[in-house]
Structures are given as structure tokens and as C-alpha cells.
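Bear in mind the structure is a predicted one, so any value in this text is a computation, not a measurement. Both backbone and side-chain heavy atoms feed into the values below; hydrogens, waters and symmetry mates do not. Both ligands and their constituent atoms are indexed starting at 1 by order of listing.
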Amino acid sequence: MKIHNFSAGPCILPTQVFQEASEAMLNFDNLGLSIVEISHRSKNFVAVMDEAVALVKELLHVPNSHEVIFIQGGASLQFAMTAFNFLTETGKAQYLDTGVWAFKAFKEASGLGDAEIVASSKDKNYSYIPKGYNIDPHSDYFHCTSNNTIYGAQLKEFPLTEVPVICDMSSDIFSRPVDVAKFDLIYAGAQKNLGPAGATLVIVKKSALGKSGRYIPAMLDYNTHISKESMFNTPPVFSIYVSMLTLRWLKENGGVEAIHHKNEAKAALLYHEIDRNPLFEGTVVKEDRSSMNACFLLKDEAAHKDAFNALITEARINGLAGHRSVGGYRASMYNALGQESVQVLVDCMKKLENK
Ligand SMILES: *Cc1c(COP(=O)(O)O)cnc(C)c1O
């Protein structure tokens with residue numbers, strides 16, 4: 001019986017992708033060899049890398065000014081790497097603090113130079129997105145996190161600024177259209193909407209690099225990875241391969257614009273039930289609710305928790321527990337999660353009400 005996987009990450013990927021990936025684990029391209037035992041410089045793997053980069057460019061309409069690379073170290077390494085490449089010795093960086101990940105990014109930059117928080121939603125446990133703040137036009141860059149995976153708040157709009165914008169899009173990249181030209185750098189760990197952990201996607205405006213004036217270790221320098229076409233050292237081949245398969249699946253299914261419609265429909269279905277059902281409440285202000293991660297609570301946890309947990313276990317729902325800093329429940333509805341899974345969850349909520 002099917003398991004409905006609402007895990008926040010690592011998370012669900014299309015079944016078709018898991019099938020193809022498992023075949024390639026044993027026999028890739030009919031070579032009689034596994035994808036993970038061939039040279040990353042073989043023409044077979046270079047073709048995978050080239051296709052992955054081409055699909056990112058096509059699906060996100062990446063302009064020619066921007067390069068697409070894959071790096072290791074997760075989004076967490078990007079917290080430091082962005083600062084190394086963009087923060088000058090005498091300049092300062094500005095951060096929007098919308099959650100744990102955003103704050104970790106800020107901390108890495110403040111260890112290297114002058115970083116400040118322009119606005120924060122920490123006062124209300126990150127349950128909204130701050131608005132109406134000012135970005136200093138003389139700062140080196142502005143950093144934000146497009147989707148707050150843990151608390152379930154999402155930037156619906158990005159601030160207009162002349163300053164270079166760097167964005168952590170780990171948990172909503174490829175879920176909705178994005179105007180790449182407005183960003184100097186976008187990064188995303190693979191394991192939320194793209195593939196298994198290991199690869200981190202970076203989209204960077206070439207002309208914005210080389211300005212920090214710092215010594216940058218080779219592995220932390222974006223220009224290293226651009227000039228070596230993501231093969232400066234051995235890349236995480238399996239993660240990149242599976243990411244490429246997921247991007248192929250996305251293209252076959254109409255691309256980012258089509259998946260965006262599906263994601264909006266899934267989110268609307270669940271939030272409607274959260275608002276309608278008297279036993280539940282959402283944790284995030286309505287206008288900032290994430291369409292990827294919906295956080296909600298039982299109004300009377302003591303009275304209903306056991307019954308609800310029994311219902312979701314019986315329905316084979318996986319990964320619904322909220323993050324420990326929010327409690328309650330978090331339904332992550334990434335691209336590969338079908339609307340039928342959201343319906344199963346909604347049915348559980350209705351059953352609880354009717355008990
Ligand atoms: C998961 C997540 C991270 C951390 O990613 P790693 O690849 O584990 O370092 C950072 N930012 C956001 C928004 C995330 O969702």
C-alpha cells in the first residue's frame with residue numbers, strides 16, 4: 001500500500017525517478033556498470049552533468065548572464081561561501097531573519113565580516129515575513145531565504161533593491177516561477193525538491209563575482225567551479241544524476257509553471273481544511289503561508305493527539321511531525337507529492353472532527 005510521504009527533507013521524489021535511478025545503480029546506460037562506479041569524466045557522466053545544467057537553465061529561464069553549477073556541502077556551506085565571495089573587508093552584508101536557516105546564514109557572514117539583520121520575525125516565532133524594512137543601498141548584498149522550511153512561512157515577493165540579492169531557495173526552488181535575473185546568486189540543497197542530498201545547485205551572475213577582495217580557498221570560490229564546469233573535484237555523481245532525472249520528470253510534466261498550479265491547488269486544499277476544521281489552527285499568518293510546508297496545530301492537543309496520530313498512522317502518512325521548535329504538524333508538499341496524498345490527510349482531519 002502506498003505511503004504518503006510528507007517529510008520535510010530528505011523528502012519524496014517521483015516514483016519514476018526512483019525506478020530509473022535504481023536501474024542506473026546496477027547498469028547505467030547499458031554499460032554493465034553502476035552510475036557510481038564509472039569515472040565522472042567519462043562521456044556518459046559528462047552527458048548527465050550537461051543535461052542537468054541545461055534543464056536547470058531551461059526550466060528556470062536562466063539568462064545568459066548567469067552560470068549554473070553543482071557544489072557539495074549542502075546549503076549550509078553556501079552560508080559561508082556566499083559571504084566569502086560577496087562580502088568585502090570593509091563593506092557590510094544585510095540579512096533578513098525569517099527562521100533558523102536564515103539566521104545560520106547570518107551567523108556565518110558575521111564571523112567573516114560586518115553583517116546585520118535588517119528585519120526579523122523572531123519575535124513571533126517566525127510565523128510571518130517582515131515587510132517594509134530598508135536595505136542599505138551601500139551594502140555588499142542582501143540575503144534572504146525564500147521559504148522557511150521549519151516554520152512554514154514563504155516570501156511571496158522579493159524586495160526591490162539595487163543591492164545584489166542572494167537567496168537560499170533550498171525548499172521551494174522549481175516549485176514556482178522565479179525571475180532569476182533579479183538575483184545575483186541563488187542556492188539550493190538538492191534534497192528538498194530535486195534529488196538526494198549531496199549536490200547543491202548554485203545559479204550565479206558571473207559579473208558579480210571576484211569583488212570581495214579576499215583570499216578565497218579554491219573549493220569555496222565560485223569561479224573555480226564555473227571554470228571547471230562543476231568538476232574541480234569529484235562531484236556527487238549520484239545526487240546530480242537523480243536531480244537530472246527529477247528535472248526531466250518536471251519538464252515532461254509541463255515545467256515550473258504547471259507544477260506551480262498543482263502546488264497551489266494542494267496548498268489550498270490543506271489550508272482550507274485547517275481553517276474550516278474547528279479542531280485545528282494554522283501557525284503562520286495567512287498571507288505568508290508556505291505552499292511547500294504547512295504548519296498546523298491541534299487546538300486541544302491533550303484531547304485529540306492520540307486519536308489523530310492513530311488516524312494518520314492508519315492512513316500510512318509519513319513525516320508529518322512538526323519541527324521541535326514549532327510542535328504540532330508540518331505537511332511538506334513538495335513537487336512530487338500528489339494531490340491524492342493531501343486529500344488523504346484532509347480526510348483524516350475530517351474523520352477526527354466526526355469522531
Ligand atoms: C534544509 C535547508 C537548509 C540546510 O540544507 P543542508 O543542505 O542540509 O545544509 C538550508 N536552508 C533551507 C531553507 C533549508 O530548507
Side-chain angles (χ1 to χ4, degrees), residues 5-13 69-84 95-109 111 115 117 120-122 125-130 142-156 158 165-176 178 183 185-203 219-220 225 230 235-236 238-240 242-243 246 263 267 283-284 288-295 319 321-326 330-337:
N5 189 6
F6 287 87
S7 178
C11 67
I12 186 170
L13 291 172
I69 47 178
F70 289 96
I71 303 179
Q72 306 202 43
S76 298
L77 184 65
Q78 294 308 305
F79 301 161
M81 206 162 153
T82 46
F84 263 100
Y95 281 74
L96 181 63
D97 177 29
T98 54
V100 167
W101 299 120
F103 191 77
K104 283 188 174 172
F106 160 74
K107 265 186 74 182
E108 289 288 34
I117 289 175
S120 172
S121 49
K122 195 171 184 195
N125 204 27
Y126 296 120
S127 59
Y128 67 101
I129 300 292
F142 168 73
H143 180 284
C144 57
T145 309
S146 58
N147 183 59
N148 176 347
T149 323
I150 293 176
Y151 301 84
Q154 187 174 30
L155 265 76
K156 303 294 172 182
F158 294 91
V165 177
I166 295 177
C167 188
D168 175 0
M169 294 194 186
S170 291
S171 56
D172 66 358
I173 194 152
F174 299 110
S175 75
R176 56 176 176 172
V178 50
F183 299 87
L185 190 138
I186 292 168
Y187 62 90
Q191 71 274 19
K192 307 276 165 57
N193 234 345
L194 199 53
T200 310
L201 171 65
V202 173
I203 304 172
M219 275 294 282
L220 301 188
H225 300 281
S230 304
F238 191 66
S239 177
I240 293 169
V242 180
S243 298
T246 306
N263 290 334
T283 60
V284 170
D288 299 325
R289 282 172 164 179
S290 167
S291 43
M292 291 285 100
N293 315 94
C295 296
H323 191 272
R324 61 189 179 281
S325 51
V326 184
R330 170 175 51 171
S332 297
M333 300 173 282
Y334 295 115
N335 285 351
L337 186 88

Novice: What atoms in ligand 1 come closer than 4.0 Å to a heavy atom of S171?
Specialist: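 Listed by number with element: 15 (O).
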Novice: Judged on heavy-atom distance to atom 11 (N) of ligand 1, which of L77, D168, I150, V100 sits nearest?
Specialist: D168
Novice: Can you tell me if S290 and N147 form a side-chain donor-acceptor pair at under 3.5 Å?
Specialist: yes
Novice: Below 4.0 Å, non-hydrogen atoms only: which portion of K104 touches ligand 1? Side chain, backbone, both or neither.
Specialist: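 Answer for K104: neither.
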Novice: Any heavy atom of Q191 closer to ligand 1 than 4.0 angstrom?
Specialist: yes
Novice: Backbone N or O of F174 within a donor-acceptor pair of the N335 side chain at under 3.5 Å?
Specialist: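 Checking the backbone N and O of F174 against the side chain of N335, a donor-acceptor pair under 3.5 Å is found.
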Novice: Taking 4.0 Å as the limit for heavy-atom contacts, which would you say applies to T200 with ligand 1: side chain only, backbone only, both, or neither?
Specialist: neither
Novice: Can you find a heavy atom in the side chain of D97 that is under 4.5 Å from one in the side chain of F106?
Specialist: no
Novice: G74 heavy atoms, cut-off 4.0 Å: which ligand 1 atoms fall inside?
Specialist: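 Those qualifying, in numeric order: 7 (O), 9 (O).
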Novice: Specify the protein heavy atom at minimum distance from atom 5 (O) of ligand 1: its residue, its atom name, and the distance to 0.1 Å.
Specialist: A75 CB, 3.5 Å
Novice: Report the nearest protein non-hydrogen atom to atom 9 (O) of ligand 1: residue, atom name, distance rounded to 0.1 Å.
Specialist: S76 OG, 2.6 Å
Novice: Between the side chain of Q154 and the main-chain N/O of M292, is any donor-acceptor distance below 3.5 Å?
Specialist: no
Novice: Go through ligand 1 atom by atom and flag the ones less than 4.0 Å from a non-hydrogen atom of N147.
Specialist: 13 (C)
Novice: Compare all side-chain heavy atoms of P235 with those of F70 and state whether any distance is below 4.5 angstrom.
Specialist: no
Novice: Side chains of S332 and N293: donor-acceptor distance under 3.5 Å anywhere?
Specialist: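 Short answer, yes.
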Novice: In the protein, which heavy atom is nearest to atom 14 (C) of ligand 1, and how far is it?
Specialist: K192 NZ, 3.0 Å
Novice: Judging by distance only, is a nitrogen or oxygen of G73 under 3.5 angstrom from one on ligand 1?
Specialist: no
Novice: With a cut-off of 4.0 Å, which atoms of ligand 1 are near a heavy atom of T145?
Specialist: 13 (C)
Novice: Suppose we measure from atom 15 (O) of ligand 1 to each protein heavy atom; which comes out shortest, and what is that distance?
Specialist: T149 OG1, 2.5 Å
